[in-house]
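Atoms considered below: every heavy atom in the structure, side chains included; atoms not considered: hydrogens, waters and symmetry mates. Both counts, for ligands and for their atoms, begin at 1 and track the order of listing.
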Amino acid sequence: MQENSLDINQLIKVAGLASQHAVAPSSQFRVGAALLTKHGSIYTGCNIESPVYLGICAERVALFKGLSEGARQFVALAIVCEEGGPCPPCGTCRQLLWEFAPSLQIILVEEDGSPRVHIIEELLPGPFERGGRKPFEEKDRI
Ligand code: ZN
């Protein structure tokens, strides 16, 4: 994939494949996420539940995988639920995604299978900012 290109259908497909790795014995709610960087790398995630009801969302796994491998310039994130229909990020994930990528495109899949693109800033009005700390600036990204 070339820099700055975005193939929404490919990203949705990758997110759907990632949902197959979900560890969701309690909820049976399987979610996959695919996070695209400016340079064309894709980091995937699935939701993971533990036996004592701790867990983490698919999109947060994808974000942390990318960050832990040095990625900083994220452009789009597809989130797919195995059962179909849109699966918007929870409040915690919205805050984290906004902090690391305030212009991130969030791609959800509607009931009819069509993609719908949102911007994280639209999904998180009035984000928490401690001490005026802003999201990552472009100059801080690698
Ligand atoms: Zn979440």
Does the [X] side chain pair with the main chain of [Y], one donor and one acceptor, at a distance under 3.5 Å?
X      : Y      : answer
Glu49  : Ser27  : yes
Arg116 : Glu110 : no
Arg72  : Leu67  : yes

message = If you compare all heavy atoms of Leu124 against all heavy atoms of Trp98, which two are closest, and at what distance to 0.1 Å?
response = CD2-CB, 3.8 Å
note = All heavy atoms of Ala33 vs all of Ala18, minimum pair found to be O-CB, 4.0 Å
key: Test log, rule side-chain contact (heavy atoms from CB on, under 4.5 Å), inputs Leu17 and Thr44   = CA-CA 9 Å; Leu17 291 172; Thr44 61; over 6 Å; no
Protein N, O or S atoms lying under 2.8 Å from the Zn ion (ligand 1), listed by chain and number = Cys57 SG, Cys90 SG, Cys93 SG
